[in-house]
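These notes concern the structure reproduced below.
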Amino acid sequence: MFSSFDKPIVITGANASGKTAIALRIAKEIGAEIISADSRQIYKHLSAGTSKPAGRWINKENPVYIVDSIPYHLVDFIDPIETYNVAKYIYDFKNCLLKIKTRKFIICGGTGFYINSIFNPLDPMPESNKHIRNQLREYLDKYGKEKLHEKLKELDPVSAKKIHPNNVHRVIRAIEVSILTSKPYSSLISNNIFNPKSYSNAFFVFIKWSRQLLSKRIKQRTKEVFNHWEREIKDMITNGYPIDCPGLKSLGYPIMIDYIENKISRDKAIELIVKESMDYAKRQNTWFSRYESTKIEINEEKEFDIDSIANNIISRYEISCNNSNK
RNA sequence: GCCGCGGUAGCUCAGUGGUAGAGCACUGGUCUGAAAAACCAGGUGUCGUUGGUUCGAUCCCAACCCGCGGCA
């Protein structure tokens, strides 16, 4: 997939771990463009709450989002009213590669599933079907989770064993695919979606903060963007976006909406957002620790020095490129 | 000083004469078109201290310590 490029650098880490700043610094140094792997920064109008890097669109014919003079792809291009998913991301990612003018690029983001799917392609399968999902939802409301799970057991006992009855999302998806293809969902899955070999096509970096420091940083960041975030949501509502549209379901947004509707105080909103962000950071760290990667650990504030981290990554990256050329 | 109430997990508390539990917090994990989603699993402990009664006390009794309230 990357044959016309040098080995890409992949910068992963939890939210607020400083991925973007580091990626930009490296991009400038080595002459690379950046591709985002973030399921929320794709949305237009969602900026404060998603920490989307501030940039501007140039070139009307062939628009490019520029952040600090670096082309930054796959952000700020989907309307918040639209749902998005991995398959769309992979499609957009491939198209994006055609637009990149440098030999090097950096993948930067916190959506592990998207990053993984770049290196381990999804098995061919039908996309989601609104009609079937609605039917299954109705069935669920009427008969409950257990009955829905039994339905899956009839169609695909293997998946039924793997998917917990409470995990309604996955149960529905498995039934949906089984119905659409007339084959058990499990029979379409190749089971090597986490093949470690495929990651050697790239240089993975994992920025891992100590929990305490990250929590402090998230709190600070939440306070800093709070007013801007509030304004952002109010503007969207004024412009007719329903409060339950896909974009506004992003982490923290429903809490901000409760605050705007005077259901909770400002302090309470900040507290809840920090908590949810930390829960999410935990899941991200679990995901990223499965990759073999160059780990940058930050246990003290002073260790977060963007220049020295970037230089450290670049030198290790160059060594890794030389080794794989031999 | 006296009277009353309380002291059990990080927090809020429940509970029992046979050495403990709930919620939240916390920790670990799963992941194939909703992934900032949706799920799963797991503990946390001198039961305030010291004695006494008892085969056995976190539980009953006493003293003491600490907190809260009331009366002086």
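Chain letters run A, B, ... following the sequence lines, proteins first and then strands; every chain starts at 1. None of these values were measured; they are calculated from a predicted model.
Rounded to a whole Å, the CG atom of A:Asn166 is 13 Å from the P atom of B:A38. For the pair A:Tyr280 OH and B:C31 P, the computed distance is 17 Å after rounding to whole Å. A:Ile42 places its CD1 atom 12 Å from the P atom of B:A34, with the value rounded to the nearest Å. Separating the CD1 atom of A:Ile172 from the P atom of B:C39 is a distance of 11 Å, rounded to the nearest angstrom. Regarding A:Glu82, its CD atom lies at a distance of 14 Å from the C1' atom of B:A34, rounded to whole Å. Distance A:Leu214 CG to B:U27 P: 12 Å, rounded to the nearest Å. Protein atom CD of A:Gln212 is 17 Å distant from nucleotide atom P of B:G10, rounded to whole Å.
Contact between the side-chain N/O atoms of A:Tyr114 and the OP1/OP2 oxygens of B:A35 is found at a separation under 4.0 Å. Of the side-chain N and O atoms in A:Ser117, none sit less than 4.0 angstrom from OP1 or OP2 of B:G33. One finds a side-chain N or O of A:Arg211 lying less than 4.0 angstrom from the OP1 or OP2 phosphate oxygen of B:U27. The side chain of A:Lys275 contributes an N or O atom lying less than 4.0 Å from OP1 or OP2 of B:A25. Between A:Arg173 and B:G33, a side-chain N or O to OP1/OP2 separation shorter than 4.0 Å is present. For the OP1/OP2 pair of B:G28 and a distance below 4.0 Å, the side-chain nitrogens and oxygens of A:Lys282 include at least one atom meeting the criterion. Taking 4.0 angstrom as the limit, A:Arg283 places none of its side-chain polar atoms (N or O) nearer than this to OP1 or OP2 of B:A38.
Both A:Asp279 and A:His164 lie close to RNA chain B; mapped to their nearest nucleotides by heavy-atom distance, the more 5′-ward contact belongs to A:Asp279.
We find that A:Asp68 and A:Lys28 are joined by a salt bridge, their nearest charged nitrogen and carboxylate oxygen being less than 4.0 Å apart. For A:Lys234 and A:Glu230, the salt-bridge test passes: some basic side-chain N is under 4.0 Å from an acidic carboxylate O. Between A:Glu224 and A:Arg221, none of the side-chain N atoms (NZ, or NE/NH1/NH2) sits under 4.0 Å from a carboxylate O, so this pair counts as no salt bridge. With respect to A:Arg231 and A:Asp235, a salt bridge is recorded, a charged nitrogen being found less than 4.0 Å from a carboxylate O. Checked for salt-bridge contact, A:Glu271 and A:Lys275 miss the test: no charged N lies under 4.0 Å from a carboxylate O.
The base of B:U30 lies outside donor-acceptor range of the side chain of A:Thr286, with no N or O pair under 3.5 Å.
Seen from the ring of A:Phe77, A:Lys44 does not count as a face-on cation partner, given the 6.0 Å and 45° thresholds.
For B:C55, the paired base is B:G18 (Watson-Crick or G-U wobble, both distances below 3.5 Å). For B:A38, the paired base is B:U30 (Watson-Crick or G-U wobble, both distances below 3.5 Å). Under the Watson-Crick or G-U wobble criterion, with both distances below 3.5 Å, B:G6 is paired with B:C66. Under the Watson-Crick or G-U wobble criterion, with both distances below 3.5 Å, B:G23 is paired with B:C11.
The stretch residues 133-150 of chain A touches RNA chain B through A:Arg133, A:Arg137, each having a heavy atom under 4.0 angstrom from the strand.
Between A:Tyr291 and A:Phe206, the ring center distance fails the sub-6.0 Å criterion. Aromatic ring centroids of A:Phe2 and A:Phe119 lie under 6.0 Å apart.
Residues A:Ile319 and A:Phe204 do not share a hydrophobic cluster, defined by chaining ILVMFWY side chains whose heavy atoms lie under 4.5 Å apart.
A:Gly49 comes within 4.0 angstrom of a nucleotide base, judged by non-hydrogen atoms across all strands. Across all strands shown, A:Arg290 has heavy atoms under 4.0 Å from base atoms, whether or not it also approaches the sugar-phosphate. Looking at heavy-atom distances under 4.0 Å, A:Ser277 makes no contact with the nucleic acid at all. Within the 4.0 angstrom heavy-atom criterion, no nucleotide atom of any strand lies near A:Lys162. The residue A:Tyr253 sits apart from the nucleic acid: no heavy atom pair falls under 4.0 Å. Within the 4.0 angstrom heavy-atom criterion, base atoms lie near A:Asp38. A:Thr83 comes within 4.0 angstrom of nothing in the nucleic acid, heavy atoms only. Residue A:Tyr89 is classed as having no contact, given no heavy-atom separation below 4.0 Å to the nucleic acid.
The gap from the C1' atom of B:U49 to that of B:G67 amounts to 15 Å, rounded to the nearest Å. Comparing B:A63 with B:C26, their P atoms are spaced 43 Å from each other, to the whole Å. Going from the C1' atom of B:U12 to that of B:G7 covers 14 Å, rounded to whole Å. Annotation: B:A22 and B:U44 have their P atoms spaced 10 Å apart (nearest Å). B:G21 and B:U16: their C1' atoms are spaced 11 Å apart (whole Å).
B:G33 has its base syn relative to the sugar, with a glycosidic angle deviating from 0 by at most 90°. A syn orientation is assigned to B:G43, its glycosidic angle lying within 90° of 0.
By the criterion of a centre-to-centre distance under 5.5 Å and near-parallel planes under 30°, the ring of A:His169 forms a stack with the base of B:A34.
Note that the CG atom of A:Asn59 and the CD atom of A:Glu61 stand 7.0 Å from one another [nearest 0.5 Å].
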